[in-house]
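Structure first, then comments.
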Amino acid sequence: MYVMARISEGMEVSNYLFLQANSAENTEIPAPEPIPRPGEPVKVVQEKPKPEDFASGHEVAAFFGRMNSM
């Protein structure tokens, strides 16, 4: 199992590097994630909310202003 995971990760990394080298400069290609091995603890990653997911103060005020004028 460990050998297969190692081979698979090696191929994923080589494909990633090939795509990264042969793509446009501004293209964002996500790096491959490691394959979990038996017996290793599973890492839980909590994503932080992105600032662009929330409305700005001006957008909130404009929204309530429109709601108030209905």
Side-chain angles (χ1 to χ4, degrees):
M1 183 69 169
Y2 291 102
V3 174
M4 291 297 291
R6 183 84 187 246
I7 291 169
S8 180
E9 284 179 350
M11 292 183 70
E12 287 180 0
V13 168
S14 69
N15 287 338
Y16 167 75
L17 293 174
F18 176 80
L19 290 172
Q20 192 73 25
N22 293 307
S23 62
E25 289 182 25
N26 297 337
T27 306
E28 183 67 31
I29 300 174
E33 299 203 9
I35 297 174
R37 275 37 174 215
E40 288 184 357
V42 178
K43 296 179 184 175
V44 177
V45 178
Q46 294 180 346
E47 295 183 18
K48 295 181 181 177
K50 298 178 183 175
E52 60 265 12
D53 289 345
F54 299 105
S56 68
H58 178 69
E59 291 172 330
V60 172
F63 172 77
F64 284 116
R66 287 191 306 269
M67 294 301 288
N68 194 23
S69 65
M70 291 184 144

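- Both Leu19 and Leu17 sit in one connected hydrophobic cluster of ILVMFWY residues. Membership requires side-chain heavy atoms under 4.5 Å apart, directly or through other members.
- For residues 7-16, the set of pairs meeting the side-chain hydrogen bond (donor to acceptor under 3.5 Å, both in side chains) definition, not counting sequence neighbours, comprises Glu9-Arg37.
- For the side-chain hydrogen bond (donor to acceptor under 3.5 Å, both in side chains) test, no residue two or more places apart in sequence or in another chain qualifies with Gln20.
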Listed pairs under 3.5 Å, donor-acceptor, residues 59-68 side chains, sequence neighbours left out:
{"residue": "Glu59", "atom": "OE1", "partner": "Ser56", "partner atom": "N", "Å": "2.9"}

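- Few gaps surround CD on Glu40; more than 12 heavy atoms of other groups in view lie less than 6.0 Å from it.
- Note that the CD1 atom of Ile7 and the CD1 atom of Ile35 stand 10.5 Å from one another [nearest 0.5 Å].
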